[in-house]
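Below you'll find the structure, written out as structure tokens, and then a few comments.
Keep in mind that what you see is a predicted model, and the values were worked out from it rather than measured. The basis for the numbers below is simple: all heavy atoms, side chains too, and nothing from hydrogens, waters or symmetry mates.
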Amino acid sequence: MTTTVARTWPGTLHPIHTLLLAGSVPLFLGALLSDIAYAISYEIQWTNFAAWLITGALVFSGLALLCAAIGWFRFGRHQGRTCLYPLLLLVTWVLGFINALVHAKDAWAAMPAGLILSIIVAVLISAAAWIGLTGCGCRAGGAK
């Protein structure tokens, strides 16, 4: 008789969660690069492009935040696990939303606040992706 044991690994992310997290990183970085291009060239289309990239990144990171919240409620409370990752992803999403509101203004009014927020959000999403994909911000309870 053979028995199959289903194992769950709370330290790793679901593949869809990984896809959503990894998809938000280049979109936020692209928005930063678009803001830098606008700061150099003053072509208004760069701020429009940055606004669309931020919108796409908010969709991806919002769904990744939803997956992180589900994972935290599913694994975190039962195993004494504390995670920095969902909190960092939440801060990233909130600042990204504020950045989207700043980019909704006129192109001249969006700078330099849009560029500064894009830098902060790009750093935060990179840190969140690094922590989420490597599992460094999580500590599982139990024997070591």
Side-chain angles (χ1 to χ4, degrees), residues 1-41 43-105 107 110-144:
M1 175 165 58
T2 60
T3 305
T4 304
V5 177
R7 295 184 180 176
T8 58
W9 301 97
T12 59
L13 298 178
H14 190 274
I16 293 175
H17 186 176
T18 304
L19 178 72
L20 292 170
L21 179 62
S24 63
V25 174
L27 291 172
F28 276 126
L29 289 175
L32 172 62
L33 292 176
S34 295
D35 283 341
I36 292 172
Y38 175 73
I40 292 171
S41 67
E43 278 293 322
I44 295 173
Q45 190 61 30
W46 286 113
T47 58
N48 296 335
F49 190 50
W52 280 103
L53 286 169
I54 291 168
T55 303
L58 286 175
V59 170
F60 273 79
S61 62
L63 292 172
L65 178 61
L66 179 65
C67 290
I70 291 170
W72 186 78
F73 283 116
R74 187 171 173 201
F75 296 117
R77 300 173 119 191
H78 302 297
Q79 297 180 359
R81 183 175 169 189
T82 59
C83 268
L84 174 66
Y85 168 67
L87 181 63
L88 190 59
L89 201 55
L90 176 66
V91 170
T92 302
W93 194 88
V94 168
L95 287 178
F97 184 74
I98 293 170
N99 195 12
L101 294 177
V102 168
H103 278 83
K105 296 180 189 177
M111 292 297 156
L115 178 61
I116 293 168
L117 280 170
S118 290
I119 292 169
I120 293 169
V121 170
V123 169
L124 286 174
I125 195 64
S126 298
W130 179 70
I131 289 170
L133 295 175
T134 60
C136 290
C138 300
R139 186 183 79 232
K144 292 182 180 181

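Residues Leu117 and His103 are not in side-chain contact: their nearest non-hydrogen atoms beyond the backbone lie 4.5 Å or more apart. By the 4.5 Å heavy-atom criterion applied to side chains, Ile125 and Leu89 are counted as neighbours. Looking at heavy atoms from C-beta onward, Thr92 lies in side-chain contact with Phe28 at the 4.5 angstrom threshold. Contact annotation: the side chain of Tyr85 approaches that of Leu21 to within less than 4.5 Å [non-hydrogen atoms, C-beta and beyond].
Residues Pro26 and Ala22 come closest through the heavy atom pair CD-O, 2.9 Å. Across all their heavy atoms, Leu20 and Cys67 have their closest contact at CD1-SG, 4.1 Å. Across Asn99 and Gly114, no two heavy atoms sit closer than the pair OD1-O, 3.5 Å. Across all their heavy atoms, Ala107 and Thr47 have their closest contact at CB-OG1, 3.6 Å. Closest approach of Ala31 to Leu53, counting heavy atoms only: N-CD1, 3.5 Å. Between Ser118 and Ile54 the shortest heavy-atom distance is OG-CD1, 4.5 Å.
Rounded to the nearest 0.5 Å, atoms CG (Leu29) and OG (Ser24) are 9.0 Å apart. Rounding to the nearest 0.5 Å gives a distance of 12.5 Å between CH2 of Trp72 and CG of Leu65. Summarising the geometry, atom CG belonging to Leu66 is positioned 11.5 Å from atom OG belonging to Ser61; distances are rounded to the nearest 0.5 Å. Taking CG of Leu95 as the reference point, atom CG of Leu58 lies at 10.5 Å (rounded to 0.5 Å). Note that CG of Leu115 and CD1 of Ile120 are 10.0 Å apart. Values are rounded to the nearest 0.5 Å.
Ring geometry, Phe97 versus Trp93: the interplanar angle falls under 30°, so the pair is classed parallel (tilted spans 30 to 60°).
Within 6.0 Å of OH in Tyr38 there are more than 12 heavy atoms belonging to other residues, nucleotides or ligands. Within 6.0 Å of CD1 in Ile119 there are more than 12 heavy atoms belonging to other residues, nucleotides or ligands.
Evaluation of the side chain to side chain donor-acceptor pair (under 3.5 Å) rule for Gln45 yields Asn48 as partners, not counting sequence neighbours.
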